[in-house]
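First comes the structure, then the notes that go with it.
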Amino acid sequence: MALDERPIPLTREEAEALTALCQSLGLRETDAFHAVIRAGLAAYRMELALQWYHSTPQSTGDIAERLGINRGDLLREIYTRGIAPYEDPTMDRVTRLEELDQRRNQRNLK
């Protein structure tokens, strides 16, 4: 596929990287291009999920479902990167800890 026939224009460096990917994996350029796009979109969804986890009161399950990502992968990234969950600015630390204890106790009763 010629440089100017690609769905989006690539820099010379990007085109060379795509060509190297094709050669190393034995892929046609269109297949490699789609694989790169899919990987980029997956990375974008994960970054958005991490942002939502930190800035909104949604659960990891809700976030994963809304973005179509694996919840386990999301939890792994949260742990690996040390990302703190959303904190309600209207709730003080003591109240927040009491609420977490209450939730834990409710789960243990089930």
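Owing to the predicted nature of the structure, the values given are computational and were not obtained by experimental measurement.
Checking side-chain atoms of His54 against main-chain N and O of Tyr86 turns up no donor-acceptor pair under 3.5 Å. Not one N or O on the side chain of Gln23 forms a donor-acceptor pair closer than 3.5 Å with the backbone of Ala20.
Under the 4.5 Å side-chain heavy-atom criterion for Ile, Leu, Val, Met, Phe, Trp and Tyr, Ile83 and Ile69 are members of the same hydrophobic cluster. Under a hydrophobic clustering in which Ile, Leu, Val, Met, Phe, Trp and Tyr are joined whenever their side-chain heavy atoms come within less than 4.5 Å, directly or via other members, Leu25 and Phe33 fall into the same cluster. Note on Leu67: it does not cluster hydrophobically with Leu41, by side-chain heavy-atom contacts below 4.5 Å among ILVMFWY residues.
The side chain to side chain contact (heavy atoms under 4.5 Å, CB included) check on Glu87 picks up Arg96, with sequence neighbours excluded. Residues satisfying the side chain to side chain contact (heavy atoms under 4.5 Å, CB included) test with Thr95, not counting sequence neighbours, are Met91, Asp92.
Side-chain contact between Trp52 and Asp62 is absent, with no heavy atoms from C-beta onward closer than 4.5 Å. Between Asp31 and Arg28, the closest side-chain pair of non-hydrogen atoms falls below 4.5 Å.
Taking 4.0 Å as the cut-off between side-chain N and carboxylate O, Arg81 and Glu47 count as a salt-bridged pair.
If you check the side chains of Gln58 and Thr56, you find a donor sitting under 3.5 Å from an acceptor.
Closest non-hydrogen pair, Cys22 versus Glu29, comes out as SG-CA, 3.4 Å. Heavy atoms only, all atoms of each residue included: Leu21 and Ala32 are closest at CD2-CB, 4.0 Å. Closest heavy-atom contact between Pro85 and Tyr53: CB-OH, 3.3 Å. Closest non-hydrogen pair, Thr60 versus Leu74, comes out as O-CD2, 3.7 Å.
Around CD of Glu14, the count of heavy atoms belonging to other residues, nucleotides or ligands within 6.0 Å exceeds 12.
Residue Asp73 holds its CG atom at 11.5 Å from CZ of Arg45, rounded to the nearest 0.5 Å.
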